[in-house]
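Below is one structure, written out as structure tokens; the observations come after it.
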Amino acid sequence: GSNKAYFVGNRFRRSVFENLPIPFPKQFVIGLDTQKRDFEEFQAPSYLRGEWRQGGWWYYYIYGLFVKTTPGAIFLACIVPVVAFQKHFSYKSIGYESQIGILILISSFLSILFLASSQLEFNHHFRYILPCYGLIFVGLGCVVHLQMAQCLKKLLIIAVTCSCVFSMVSVYPHQLTYYNQFVGGPIRGRFHMLGSNYDWGQNLLLLKEWQIANYIDEPIFLAHNNTYSPSDFGIKNVVSVDSDGTIHGRIGKSIPKWIIISGNFLVQGRLKSSTWGEKSPNRIPIENYLHTKPECVLGNTLFVFRYSQ
């Protein structure tokens, strides 16, 4: 793009606020301004739970918190406020300073959530509100410590910790693809949120291992959105395929017998197919594989199919 597209400056220049001091680090402010520019200029459609739209949803990050958080943590977040109010949560019972501290945590969490949710130009990355998790767990920990009986605290902490550890171990080392059991787990994550919430190129090394383990030397189709070249990972004989099914590169005399499709592209293929038009000999109908049983799944995101014309 042009230099103008990447320029970040003072949006209040030539106004009375141009030289107004801001009580935040310089890079913090520049980062927020850069992100705001992205919200204003990015035009790609957003996806949530089977729906595509130009723009976003006010509840996108709230939904992300629900599907990307472990059941144990969700249970704790639901039960702790109930216990706190039943115990008459006030400065008399926990102290004025503790109450102020907890209110600061709650207000910080709501501020981040509100700021992110108010940007409706597009919704692609749940990671924007990851700082909320630290605030949530510190706040819940404070309430548990101050308001609950000793025996109940121990049982609750043990149960929630075991639940969270089990949830993380069950997907290790593929934590990025984690979706909780309420929505069907990681294998069904593509039906809820895509992009960096699900597949960000982290499983290409598994594709290399699959090639080696199955003695596959012939060309393969790879439908995957990644900023790196598959050859950077030692993946050979790859014929790239776009999300709309367009084939790039030479196929050669030997037609590939395998096609590996990212879960991102499986879902995007159905969107692109509706606007594609007539069939093309240089296109693979990726949308036809959406409900086809794969031969195997690599890291919950790369679906391996046998290719047939």
For residues 209-216, please give each side-chain donor-acceptor pair under 3.5 Å, one per line with the distance, not counting sequence neighbours.
| from | atom 1 | to | atom 2 | distance (Å) |
| --- | --- | --- | --- | --- |
| Gln211 | NE2 | Lys236 | O | 3.2 |
| Asn214 | ND2 | Trp210 | O | 2.8 |

Can you sort out the partners of Asp232 under side-chain contact (heavy atoms from CB on, under 4.5 Å), two or more places apart, ordered by chain and number?
-> Tyr228, Ser229
Enumerate donor-acceptor pairs with a distance under 3.5 Å from any side-chain N or O in residues 101-116 to protein atoms, sequence neighbours excluded.
| from | atom 1 | to | atom 2 | distance (Å) |
| --- | --- | --- | --- | --- |
| Ser107 | OG | Leu103 | O | 3.0 |
| Ser107 | OG | Ile104 | O | 2.9 |
| Ser108 | OG | Ile104 | O | 2.8 |
| Ser111 | OG | Ser107 | O | 2.7 |

Could you state whether Met168 and Tyr198 fall into the same hydrophobic cluster, counting links through intermediate Ile, Leu, Val, Met, Phe, Trp or Tyr residues with side-chain heavy atoms under 4.5 angstrom apart?
-> no
Asn300 and Thr177: side-chain donor and acceptor closer than 3.5 Å?
-> yes
Quick one: closest heavy-atom pair of Gln181 and Ser167, and the distance?
-> NE2-OG, 4.2 Å
Could you list the residues that satisfy side-chain hydrogen bond (donor to acceptor under 3.5 Å, both in side chains) with Tyr60, not counting sequence neighbours?
-> Asn197
What pairs with His125 under side-chain hydrogen bond (donor to acceptor under 3.5 Å, both in side chains), at least two apart in sequence or on another chain?
-> Ser196
Here the pair of heavy atoms bringing Ala73 nearest to Cys164 is N-SG, 4.0 Å
Residues passing the side-chain contact (heavy atoms from CB on, under 4.5 Å) test with Asn180, sequence neighbours excluded, are Pro71, Ile74, Tyr178, Phe182, Val183
Looking at CD1 of Ile259 and OG1 of Thr292, how far apart are the two atoms once the value is rounded to the nearest 0.5 Å?
-> 10.5 Å
Check salt bridge (Lys or Arg N to Asp or Glu O under 4.0 Å) between Arg53 and all other residues, then give those that pass, not counting sequence neighbours.
-> Glu51
Looking only at heavy atoms, the pair that brings Asn264 and Gly195 closest together is OD1-N, 3.0 Å
Quick one: side chains of residues 126-140, donor-acceptor pairs under 3.5 Å with protein atoms, not counting sequence neighbours, listed by atom name and distance.
| from | atom 1 | to | atom 2 | distance (Å) |
| --- | --- | --- | --- | --- |
| Tyr128 | OH | Gln35 | OE1 | 3.3 |
| Tyr128 | OH | Gln35 | NE2 | 3.1 |
| Tyr133 | OH | Thr69 | OG1 | 2.5 |

Could you grab the distance from atom CZ of Arg306 to atom NZ of Lys257, nearest 0.5 Å is fine?
-> 8.5 Å
side-chain contact (heavy atoms from CB on, under 4.5 Å) involving Val238 - partner list, sequence neighbours excluded | Ile220, Leu222, Pro230, Ile235, Ser240
Scanning both residues in full, the closest heavy-atom pair of Ser262 with His224 reads CB-CD2, 3.6 Å
Same cluster or not: are Val171 and Leu302 linked, directly or through other Ile, Leu, Val, Met, Phe, Trp or Tyr residues, by side-chain heavy atoms under 4.5 angstrom apart?
-> no
Heavy atoms only: give me the nearest Arg283-Asp244 pair and the separation to one decimal.
-> NE-O, 2.6 Å
For Tyr172, which residues count as a side-chain contact (heavy atoms from CB on, under 4.5 Å) partner, sequence neighbours excluded?
-> Gln175
Residues which pass ring pair (Phe, Tyr, Trp, His ring centres under 6.0 Å) with Phe221, listed by chain and number, not counting sequence neighbours = Tyr307
Closest approach of Ala223 to Ile286 (non-hydrogen atoms, all atoms of both residues) | CB-CD1, 3.9 Å
Which of parallel (below 30°), tilted (30 to 60°) and perpendicular (above 60°) describes His124 and Phe122?
-> perpendicular
Quick one: does Val304's side chain get under 4.5 Å of Pro294's, heavy atoms only?
-> no
When rounded to the nearest 0.5 Å, the distance separating CG of Leu207 from CH2 of Trp258 is 12.0 Å
Identify the residue among Tyr179, Tyr47, Tyr63 that makes a side chain to side chain donor-acceptor pair (under 3.5 Å) with His192.
-> Tyr63
Hey, what do you get for CD1 (Ile261) to CZ (Phe303), rounding to the nearest 0.5 Å?
-> 9.5 Å
Is there a side-chain contact between Ile260 and Phe305, using heavy atoms and a 4.5 Å cut-off?
-> no
Just how far is it from atom CG of Leu48 to atom OH of Tyr61, taken to the nearest 0.5 Å?
-> 11.0 Å
Decide whether Ile187 and Tyr289 are clustered together by the hydrophobic rule: side chain heavy atoms of Ile, Leu, Val, Met, Phe, Trp, Tyr closer than 4.5 Å, transitively.
-> yes
OG (Ser46) and CG (Leu194) are apart, to the nearest 0.5 Å, by 10.5 Å
Going by heavy atoms in the side chains, are His174 and Leu206 under 4.5 Å from each other?
-> yes
Under 4.5 Å side-chain linkage, directly or through intermediates, the cluster mates of Trp200 | Leu176
